[in-house]
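Here the structure is a predicted model, which is why all the values come from computation and not from measurement.
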Amino acid sequence: MTRSISLLLLGLLALSAALLLPLVSDSRFLTLFLTQLAVMVTFAMSYNVLLGQTGLLSFGHAVYFGGGVFAALYLITAIGGGALALPLEFVPLGGALAGLAMAAVLGLVSVRRAGTTFAMISLGMAELITAAAMVFPSVFGGEQGVSTDRMVDVTLTGLGYGRPSEIYLLVLVWALVSVALMVFLSRSPLGRMANAVRDNPQRVEFLGYDPYWIRFLQFCIAGTFAGLAGSLFALTFEIANAEVFGLRTSANVLIATYLGGITYVLGPVVGAFVVLLLELNLARITDAWLFYYGLLFLAIILFAPRGLTGILAGLPGALRRHGPASCLRRALVWGPAVLSGLVGGVMLVELSYHLSNSFDPSDPLRLFWRDVDATNWGVWALALGACALSAALVLRARRGGRRPQVVAAPMVEEGS
(Lines give C-alpha, C1' and ligand atoms only; values in the text may rest on other atoms or scores of the structure.)
Protein backbone atom coordinates (compact mmCIF):
# COMPACT_ATOMS: atom_id res chain seq x y z
CA MET A 1 0.00 0.00 0.00
CA THR A 2 2.83 2.36 0.86
CA ARG A 3 4.50 1.67 -2.48
CA SER A 4 1.26 2.43 -4.35
CA ILE A 5 0.84 5.72 -2.47
CA SER A 6 4.45 6.66 -3.23
CA LEU A 7 3.97 5.94 -6.93
CA LEU A 8 0.74 7.94 -6.94
CA LEU A 9 2.40 10.94 -5.29
CA LEU A 10 5.33 10.72 -7.70
CA GLY A 11 2.94 10.59 -10.64
CA LEU A 12 0.97 13.59 -9.37
CA LEU A 13 4.20 15.54 -8.89
CA ALA A 14 5.35 14.74 -12.43
CA LEU A 15 1.92 15.66 -13.81
CA SER A 16 1.92 19.00 -11.98
CA ALA A 17 5.38 19.81 -13.30
CA ALA A 18 4.34 18.89 -16.85
CA LEU A 19 1.21 21.05 -16.71
CA LEU A 20 3.04 24.05 -15.25
CA LEU A 21 5.93 23.86 -17.72
CA PRO A 22 4.40 26.16 -20.38
CA LEU A 23 3.87 28.81 -17.71
CA VAL A 24 7.44 28.85 -16.38
CA SER A 25 9.53 28.06 -19.49
CA ASP A 26 9.67 29.62 -22.95
CA SER A 27 12.06 26.99 -24.29
CA ARG A 28 10.71 25.84 -27.65
CA PHE A 29 13.06 22.86 -27.69
CA LEU A 30 11.94 21.63 -24.25
CA THR A 31 8.27 22.01 -25.15
CA LEU A 32 8.75 20.11 -28.40
CA PHE A 33 10.76 17.42 -26.61
CA LEU A 34 8.03 16.83 -24.04
CA THR A 35 5.36 16.82 -26.76
CA GLN A 36 7.25 14.14 -28.68
CA LEU A 37 7.82 12.28 -25.42
CA ALA A 38 4.07 12.17 -24.77
CA VAL A 39 3.51 10.77 -28.27
CA MET A 40 6.29 8.20 -27.88
CA VAL A 41 5.07 7.10 -24.45
CA THR A 42 1.57 6.47 -25.79
CA PHE A 43 2.97 4.53 -28.75
CA ALA A 44 5.34 2.44 -26.59
CA MET A 45 2.62 1.69 -24.04
CA SER A 46 0.35 0.45 -26.83
CA TYR A 47 3.15 -1.82 -28.08
CA ASN A 48 3.63 -3.27 -24.61
CA VAL A 49 -0.02 -4.36 -24.66
CA LEU A 50 1.18 -6.84 -27.29
CA LEU A 51 4.72 -7.70 -26.25
CA GLY A 52 4.78 -7.41 -22.48
CA GLN A 53 1.23 -8.39 -21.61
CA THR A 54 0.29 -10.86 -24.36
CA GLY A 55 3.70 -12.10 -25.50
CA LEU A 56 3.25 -11.09 -29.15
CA LEU A 57 6.44 -9.81 -30.77
CA SER A 58 5.34 -7.53 -33.60
CA PHE A 59 7.56 -6.06 -36.30
CA GLY A 60 4.74 -4.06 -37.85
CA HIS A 61 3.16 -1.99 -35.09
CA ALA A 62 3.88 1.14 -37.11
CA VAL A 63 1.04 0.15 -39.47
CA TYR A 64 -1.59 1.19 -36.91
CA PHE A 65 0.40 4.25 -35.88
CA GLY A 66 0.53 5.34 -39.53
CA GLY A 67 -3.18 4.71 -39.96
CA GLY A 68 -3.87 7.10 -37.11
CA VAL A 69 -1.46 9.67 -38.58
CA PHE A 70 -3.16 9.88 -41.98
CA ALA A 71 -6.67 9.66 -40.53
CA ALA A 72 -5.88 12.66 -38.31
CA LEU A 73 -4.31 14.63 -41.15
CA TYR A 74 -7.39 14.25 -43.32
CA LEU A 75 -9.70 14.99 -40.40
CA ILE A 76 -7.86 18.22 -39.62
CA THR A 77 -8.03 19.24 -43.29
CA ALA A 78 -11.79 18.52 -43.36
CA ILE A 79 -12.34 20.56 -40.18
CA GLY A 80 -10.30 23.47 -41.51
CA GLY A 81 -12.17 23.41 -44.82
CA GLY A 82 -15.57 23.46 -43.10
CA ALA A 83 -16.56 20.00 -44.39
CA LEU A 84 -16.69 18.55 -40.86
CA ALA A 85 -18.01 20.30 -37.76
CA LEU A 86 -15.81 18.45 -35.26
CA PRO A 87 -13.77 20.19 -32.56
CA LEU A 88 -10.05 19.78 -33.06
CA GLU A 89 -9.73 18.26 -29.59
CA PHE A 90 -11.64 15.16 -30.78
CA VAL A 91 -9.32 14.42 -33.71
CA PRO A 92 -7.39 11.77 -31.70
CA LEU A 93 -10.59 9.75 -31.51
CA GLY A 94 -10.56 9.53 -35.30
CA GLY A 95 -6.99 8.25 -35.23
CA ALA A 96 -7.93 5.70 -32.57
CA LEU A 97 -10.85 4.44 -34.70
CA ALA A 98 -8.56 4.13 -37.72
CA GLY A 99 -6.07 2.09 -35.70
CA LEU A 100 -8.88 -0.07 -34.34
CA ALA A 101 -10.30 -0.73 -37.81
CA MET A 102 -6.91 -1.74 -39.22
CA ALA A 103 -6.13 -3.94 -36.22
CA ALA A 104 -9.53 -5.64 -36.41
CA VAL A 105 -9.03 -6.52 -40.08
CA LEU A 106 -5.38 -7.58 -39.91
CA GLY A 107 -5.73 -9.22 -36.51
CA LEU A 108 -8.18 -11.82 -37.77
CA VAL A 109 -5.26 -13.40 -39.64
CA SER A 110 -2.27 -12.31 -37.55
CA VAL A 111 -3.11 -13.67 -34.10
CA ARG A 112 -4.02 -17.24 -35.05
CA ARG A 113 -0.49 -18.21 -33.96
CA ALA A 114 1.92 -16.63 -31.52
CA GLY A 115 5.71 -16.73 -31.40
CA THR A 116 7.76 -16.71 -34.59
CA THR A 117 4.70 -17.18 -36.81
CA PHE A 118 3.06 -14.02 -35.54
CA ALA A 119 6.33 -12.07 -35.79
CA MET A 120 6.81 -13.06 -39.43
CA ILE A 121 3.17 -12.28 -40.30
CA SER A 122 3.47 -8.84 -38.71
CA LEU A 123 6.66 -8.20 -40.68
CA GLY A 124 4.96 -9.21 -43.93
CA MET A 125 1.96 -7.01 -43.15
CA ALA A 126 4.23 -4.04 -42.48
CA GLU A 127 6.06 -4.47 -45.78
CA LEU A 128 2.77 -4.90 -47.63
CA ILE A 129 1.20 -1.75 -46.19
CA THR A 130 4.38 0.28 -46.75
CA ALA A 131 4.57 -0.80 -50.39
CA ALA A 132 0.87 -0.06 -50.89
CA ALA A 133 1.31 3.41 -49.40
CA MET A 134 4.05 4.17 -51.89
CA VAL A 135 1.90 2.93 -54.79
CA PHE A 136 -0.91 5.40 -53.98
CA PRO A 137 0.74 8.84 -53.80
CA SER A 138 -2.62 10.55 -54.26
CA VAL A 139 -3.65 9.25 -50.83
CA PHE A 140 -0.39 9.09 -48.90
CA GLY A 141 1.52 11.85 -50.67
CA GLY A 142 4.49 9.77 -51.81
CA GLU A 143 7.86 11.12 -50.67
CA GLN A 144 6.50 14.63 -50.16
CA GLY A 145 3.77 13.39 -47.85
CA VAL A 146 0.47 14.89 -46.77
CA SER A 147 0.34 18.17 -44.86
CA THR A 148 -2.35 20.10 -43.06
CA ASP A 149 -2.87 23.14 -40.82
CA ARG A 150 -4.07 22.55 -37.27
CA MET A 151 -5.09 26.19 -36.74
CA VAL A 152 -8.84 25.78 -37.28
CA ASP A 153 -11.82 27.75 -36.02
CA VAL A 154 -13.72 24.84 -34.43
CA THR A 155 -12.25 24.21 -30.96
CA LEU A 156 -13.73 23.60 -27.52
CA THR A 157 -11.19 25.62 -25.57
CA GLY A 158 -10.99 28.61 -27.89
CA LEU A 159 -7.24 28.13 -28.32
CA GLY A 160 -5.76 28.45 -31.78
CA TYR A 161 -3.21 25.66 -31.19
CA GLY A 162 -0.63 27.55 -33.21
CA ARG A 163 1.82 27.90 -30.33
CA PRO A 164 3.88 24.84 -29.27
CA SER A 165 2.74 25.23 -25.65
CA GLU A 166 -0.92 25.00 -26.66
CA ILE A 167 -0.56 21.83 -28.72
CA TYR A 168 1.65 20.41 -25.95
CA LEU A 169 -1.21 20.67 -23.46
CA LEU A 170 -3.63 18.97 -25.86
CA VAL A 171 -1.19 16.13 -26.59
CA LEU A 172 -0.35 15.75 -22.89
CA VAL A 173 -4.00 15.40 -21.85
CA TRP A 174 -4.69 12.71 -24.46
CA ALA A 175 -1.45 10.89 -23.58
CA LEU A 176 -2.34 10.85 -19.88
CA VAL A 177 -5.84 9.57 -20.60
CA SER A 178 -4.42 6.85 -22.86
CA VAL A 179 -1.78 5.72 -20.36
CA ALA A 180 -4.34 5.63 -17.54
CA LEU A 181 -6.70 3.50 -19.64
CA MET A 182 -3.94 1.09 -20.65
CA VAL A 183 -2.82 0.69 -17.03
CA PHE A 184 -6.44 0.03 -16.01
CA LEU A 185 -6.89 -2.54 -18.79
CA SER A 186 -3.67 -4.31 -17.78
CA ARG A 187 -5.19 -4.90 -14.32
CA SER A 188 -8.61 -5.92 -15.65
CA PRO A 189 -9.71 -9.58 -16.08
CA LEU A 190 -8.85 -9.31 -19.80
CA GLY A 191 -5.34 -8.14 -18.94
CA ARG A 192 -4.87 -11.02 -16.49
CA MET A 193 -6.09 -13.51 -19.07
CA ALA A 194 -3.68 -12.01 -21.61
CA ASN A 195 -0.85 -12.66 -19.14
CA ALA A 196 -2.06 -16.25 -18.80
CA VAL A 197 -2.13 -16.68 -22.58
CA ARG A 198 1.39 -15.29 -22.75
CA ASP A 199 2.67 -17.74 -20.13
CA ASN A 200 0.67 -20.91 -20.89
CA PRO A 201 -2.01 -20.84 -23.63
CA GLN A 202 -2.74 -24.56 -23.22
CA ARG A 203 -3.80 -24.09 -19.61
CA VAL A 204 -6.06 -21.22 -20.66
CA GLU A 205 -7.77 -23.56 -23.12
CA PHE A 206 -8.29 -26.10 -20.35
CA LEU A 207 -10.05 -23.39 -18.34
CA GLY A 208 -12.53 -22.90 -21.19
CA TYR A 209 -11.15 -19.72 -22.80
CA ASP A 210 -10.02 -19.37 -26.40
CA PRO A 211 -6.49 -17.87 -26.60
CA TYR A 212 -7.22 -16.67 -30.14
CA TRP A 213 -9.96 -14.25 -29.07
CA ILE A 214 -7.93 -12.99 -26.11
CA ARG A 215 -5.01 -12.25 -28.44
CA PHE A 216 -7.41 -10.65 -30.91
CA LEU A 217 -8.92 -8.31 -28.28
CA GLN A 218 -5.47 -7.31 -27.05
CA PHE A 219 -4.37 -6.77 -30.63
CA CYS A 220 -7.33 -4.44 -31.22
CA ILE A 221 -6.60 -2.52 -28.02
CA ALA A 222 -2.96 -2.09 -29.02
CA GLY A 223 -3.96 -0.93 -32.50
CA THR A 224 -6.45 1.56 -31.06
CA PHE A 225 -3.92 3.29 -28.84
CA ALA A 226 -1.25 3.15 -31.55
CA GLY A 227 -3.66 4.97 -33.87
CA LEU A 228 -4.32 7.52 -31.14
CA ALA A 229 -0.56 8.06 -30.78
CA GLY A 230 -0.37 8.54 -34.55
CA SER A 231 -3.05 11.23 -34.41
CA LEU A 232 -1.06 13.04 -31.69
CA PHE A 233 1.96 12.87 -33.99
CA ALA A 234 -0.11 14.43 -36.80
CA LEU A 235 -1.32 17.22 -34.52
CA THR A 236 2.27 17.95 -33.50
CA PHE A 237 4.03 17.97 -36.88
CA GLU A 238 1.12 18.56 -39.33
CA ILE A 239 2.87 16.50 -42.04
CA ALA A 240 3.75 12.87 -42.69
CA ASN A 241 4.64 10.54 -45.54
CA ALA A 242 4.58 6.78 -46.09
CA GLU A 243 7.72 6.30 -43.97
CA VAL A 244 5.58 6.30 -40.82
CA PHE A 245 4.47 2.78 -41.83
CA GLY A 246 8.07 1.59 -42.20
CA LEU A 247 10.25 -0.76 -40.22
CA ARG A 248 12.22 2.07 -38.64
CA THR A 249 9.14 3.28 -36.79
CA SER A 250 8.34 -0.26 -35.66
CA ALA A 251 11.96 -0.84 -34.59
CA ASN A 252 12.02 2.39 -32.56
CA VAL A 253 8.98 1.45 -30.54
CA LEU A 254 10.25 -2.11 -30.04
CA ILE A 255 13.59 -0.85 -28.75
CA ALA A 256 11.94 1.76 -26.51
CA THR A 257 9.62 -0.82 -24.97
CA TYR A 258 12.36 -3.38 -24.40
CA LEU A 259 14.81 -0.82 -23.00
CA GLY A 260 12.25 0.34 -20.48
CA GLY A 261 11.24 -3.17 -19.44
CA ILE A 262 8.42 -5.26 -20.89
CA THR A 263 7.61 -6.86 -17.53
CA TYR A 264 6.57 -3.52 -16.04
CA VAL A 265 3.38 -1.73 -17.01
CA LEU A 266 5.07 1.68 -16.99
CA GLY A 267 8.44 0.39 -18.24
CA PRO A 268 7.86 1.79 -21.76
CA VAL A 269 7.67 5.29 -20.26
CA VAL A 270 11.32 5.02 -19.20
CA GLY A 271 12.31 3.46 -22.51
CA ALA A 272 10.54 6.14 -24.54
CA PHE A 273 12.35 8.85 -22.59
CA VAL A 274 15.79 7.26 -23.18
CA VAL A 275 15.19 6.60 -26.88
CA LEU A 276 13.91 10.10 -27.56
CA LEU A 277 16.77 11.62 -25.60
CA LEU A 278 19.26 9.66 -27.70
CA GLU A 279 17.58 10.55 -30.98
CA LEU A 280 17.31 14.28 -30.33
CA ASN A 281 20.54 14.93 -28.42
CA LEU A 282 23.07 12.21 -29.19
CA ALA A 283 22.51 12.64 -32.94
CA ARG A 284 23.62 16.26 -32.63
CA ILE A 285 26.85 15.26 -30.88
CA THR A 286 28.12 12.35 -32.93
CA ASP A 287 27.61 10.67 -36.28
CA ALA A 288 27.92 7.28 -34.59
CA TRP A 289 24.76 7.66 -32.49
CA LEU A 290 23.06 4.68 -34.15
CA PHE A 291 26.06 2.53 -33.21
CA TYR A 292 25.74 3.54 -29.55
CA TYR A 293 21.99 3.03 -29.82
CA GLY A 294 22.51 -0.57 -30.92
CA LEU A 295 25.17 -1.21 -28.26
CA LEU A 296 22.81 -0.01 -25.53
CA PHE A 297 20.07 -2.30 -26.82
CA LEU A 298 22.43 -5.29 -26.89
CA ALA A 299 23.71 -4.51 -23.39
CA ILE A 300 20.18 -4.43 -22.01
CA ILE A 301 19.29 -7.74 -23.68
CA LEU A 302 22.46 -9.48 -22.45
CA PHE A 303 22.90 -8.06 -18.97
CA ALA A 304 19.54 -6.57 -17.90
CA PRO A 305 16.65 -8.45 -19.57
CA ARG A 306 14.18 -6.73 -17.22
CA GLY A 307 15.11 -3.38 -18.74
CA LEU A 308 16.08 -0.08 -17.20
CA THR A 309 12.99 -0.12 -15.00
CA GLY A 310 14.08 -3.49 -13.62
CA ILE A 311 17.48 -2.02 -12.74
CA LEU A 312 15.89 0.93 -10.94
CA ALA A 313 13.37 -1.29 -9.17
CA GLY A 314 16.12 -3.65 -8.00
CA LEU A 315 18.30 -0.97 -6.38
CA PRO A 316 16.36 -0.74 -3.08
CA GLY A 317 16.39 -4.53 -2.70
CA ALA A 318 20.13 -4.67 -3.41
CA LEU A 319 20.77 -2.02 -0.76
CA ARG A 320 18.72 -3.98 1.78
CA ARG A 321 20.42 -7.32 1.00
CA HIS A 322 24.05 -6.20 0.81
CA GLY A 323 23.98 -2.97 2.79
CA PRO A 324 25.03 0.52 1.67
CA ALA A 325 28.69 -0.05 2.59
CA SER A 326 29.00 -3.22 0.48
CA CYS A 327 27.23 -1.58 -2.49
CA LEU A 328 29.56 1.43 -2.22
CA ARG A 329 32.61 -0.85 -2.22
CA ARG A 330 31.37 -2.64 -5.33
CA ALA A 331 30.75 0.68 -7.05
CA LEU A 332 34.28 1.84 -6.21
CA VAL A 333 35.72 -1.44 -7.54
CA TRP A 334 33.71 -1.67 -10.77
CA GLY A 335 33.22 2.05 -11.44
CA PRO A 336 36.77 2.79 -12.67
CA ALA A 337 36.72 -0.31 -14.89
CA VAL A 338 33.44 0.66 -16.53
CA LEU A 339 34.42 4.32 -16.90
CA SER A 340 37.80 3.47 -18.43
CA GLY A 341 36.17 1.02 -20.85
CA LEU A 342 33.59 3.59 -21.90
CA VAL A 343 36.19 6.28 -22.49
CA GLY A 344 38.43 3.96 -24.51
CA GLY A 345 35.54 2.51 -26.50
CA VAL A 346 34.08 5.91 -27.34
CA MET A 347 37.49 7.15 -28.44
CA LEU A 348 38.01 4.17 -30.75
CA VAL A 349 34.54 4.51 -32.27
CA GLU A 350 34.81 8.25 -32.84
CA LEU A 351 38.30 8.00 -34.29
CA SER A 352 37.24 5.22 -36.65
CA TYR A 353 34.14 7.11 -37.80
CA HIS A 354 36.17 10.27 -38.38
CA LEU A 355 38.80 8.51 -40.49
CA SER A 356 36.28 6.63 -42.59
CA ASN A 357 33.57 9.28 -43.08
CA SER A 358 35.26 12.69 -43.01
CA PHE A 359 36.31 14.41 -46.23
CA ASP A 360 39.71 15.25 -44.79
CA PRO A 361 40.83 12.87 -41.97
CA SER A 362 43.44 15.41 -40.85
CA ASP A 363 40.71 17.86 -39.82
CA PRO A 364 40.47 18.20 -36.02
CA LEU A 365 37.97 15.93 -34.26
CA ARG A 366 36.05 17.27 -31.28
CA LEU A 367 36.43 14.55 -28.64
CA PHE A 368 35.65 15.02 -24.95
CA TRP A 369 35.58 18.81 -25.29
CA ARG A 370 38.99 18.89 -27.00
CA ASP A 371 40.18 18.96 -30.60
CA VAL A 372 42.32 15.93 -31.46
CA ASP A 373 44.08 14.71 -34.58
CA ALA A 374 42.62 11.35 -35.63
CA THR A 375 45.72 10.57 -37.70
CA ASN A 376 48.02 10.87 -34.68
CA TRP A 377 49.07 7.45 -33.40
CA GLY A 378 49.34 8.81 -29.86
CA VAL A 379 45.57 9.35 -29.64
CA TRP A 380 44.97 5.77 -30.78
CA ALA A 381 47.48 4.50 -28.24
CA LEU A 382 45.67 6.42 -25.50
CA ALA A 383 42.33 4.88 -26.52
CA LEU A 384 43.79 1.35 -26.62
CA GLY A 385 45.47 1.97 -23.27
CA ALA A 386 42.15 2.95 -21.71
CA CYS A 387 40.57 -0.26 -23.01
CA ALA A 388 43.50 -2.34 -21.72
CA LEU A 389 43.25 -0.65 -18.33
CA SER A 390 39.54 -1.45 -18.23
CA ALA A 391 40.23 -5.12 -18.99
CA ALA A 392 42.88 -5.29 -16.27
CA LEU A 393 40.56 -3.70 -13.71
CA VAL A 394 37.76 -6.11 -14.64
CA LEU A 395 40.05 -9.13 -14.16
CA ARG A 396 41.23 -7.75 -10.84
CA ALA A 397 37.67 -7.12 -9.67
CA ARG A 398 36.61 -10.63 -10.68
CA ARG A 399 39.53 -12.20 -8.81
CA GLY A 400 38.85 -10.05 -5.78
CA GLY A 401 35.19 -11.03 -5.79
CA ARG A 402 35.94 -14.75 -5.58
CA ARG A 403 35.99 -15.94 -2.02
CA PRO A 404 38.43 -18.73 -1.22
CA GLN A 405 36.67 -22.02 -0.60
CA VAL A 406 37.46 -23.68 2.71
CA VAL A 407 37.69 -27.45 2.35
CA ALA A 408 36.86 -29.28 5.54
CA ALA A 409 39.40 -31.90 6.59
CA PRO A 410 38.05 -35.44 6.81
CA MET A 411 37.10 -36.50 10.31
CA VAL A 412 39.21 -39.32 11.75
CA GLU A 413 37.69 -41.49 14.41
CA GLU A 414 39.67 -42.19 17.53
CA GLY A 415 41.44 -45.49 17.58
CA SER A 416 41.56 -45.82 13.80
First locate atom [atom1] of [X], then atom [atom2] of [Y], and finally report the distance between them rounded to the nearest 0.5 Å.
{"X": "I167", "Y": "L88", "atom1": "CD1", "atom2": "CG", "result": "6.0 Å"}
{"X": "S110", "Y": "M120", "atom1": "OG", "atom2": "CE", "result": "12.5 Å"}
{"X": "S352", "Y": "N357", "atom1": "OG", "atom2": "CG", "result": "10.0 Å"}
{"X": "S46", "Y": "L228", "atom1": "OG", "atom2": "CG", "result": "9.5 Å"}
{"X": "L259", "Y": "I301", "atom1": "CG", "atom2": "CD1", "result": "8.5 Å"}
{"X": "L51", "Y": "L254", "atom1": "CG", "atom2": "CG", "result": "6.5 Å"}

Of all heavy-atom pairs between [X] and [Y], which one has the smallest distance, and what is that distance?
{"X": "G66", "Y": "V244", "answer": "CA-CG2, 3.8 Å"}
{"X": "A242", "Y": "T130", "answer": "O-CG2, 4.5 Å"}
{"X": "N48", "Y": "P268", "answer": "CB-CG, 3.6 Å"}
{"X": "G95", "Y": "S231", "answer": "CA-CB, 4.0 Å"}
{"X": "L247", "Y": "A126", "answer": "CD2-CB, 4.4 Å"}
{"X": "V146", "Y": "G141", "answer": "CG2-N, 3.8 Å"}

Query raised in the report: Which residues satisfy the side chain to side chain donor-acceptor pair (under 3.5 Å) test with N281, sequence neighbours excluded?
Result: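 Here the qualifying residues are R284.
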Report task. Could you tell me whether the side chains of T31 and S165 share a donor-acceptor contact shorter than 3.5 Å? Result ->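 No donor-acceptor contact under 3.5 Å links the two side chains.
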Requested in this report: Please identify each residue that fulfils side chain to side chain contact (heavy atoms under 4.5 Å, CB included) with E279, with sequence neighbours left out.
Outcome: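 Applying side chain to side chain contact (heavy atoms under 4.5 Å, CB included) to E279 gives N252, V275, L276, W289, Y293.
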Query - Aromatic plane relationship, F216 with Y212 - under 30° parallel, 30 to 60° tilted, over 60° perpendicular - result: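 The rings of Y212 and F216 lie parallel, inter-plane angle below 30°.
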Query - Residue pairs fulfilling salt bridge (charged side-chain N to carboxylate O under 4.0 Å, His left out) with at least one residue in residues 108-133, sequence neighbours excluded - result: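 Pairs touching residues 108-133 that pass the test: none.
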Report task. Answer yes if the ring centres of F140 and F245 are under 6.0 angstrom apart, and no otherwise. Result ->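 Judged by ring-centre distance (under 6.0 Å), F140 and F245 do meet the cut-off.
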Query - Check: F70 ring centre within less than 6.0 Å of F65 ring centre - result: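 Aromatic pair excluded; centres sit 6.0 Å or further apart.
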Requested in this report: Kindly determine whether F233 and F237 satisfy ring-ring contact (aromatic ring centres under 6.0 Å, His included), including the steps that lead there.
Outcome: CA-CA 6 Å; F233 178 92; F237 295 103; 4.8 Å; yes
Requested in this report: Identify the residue among R215, H61, R198 that makes a side-chain contact (heavy atoms from CB on, under 4.5 Å) with L50.
Outcome: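 With L50 as partner, R215, H61, R198 yield a single side-chain contact (heavy atoms from CB on, under 4.5 Å), made by H61.
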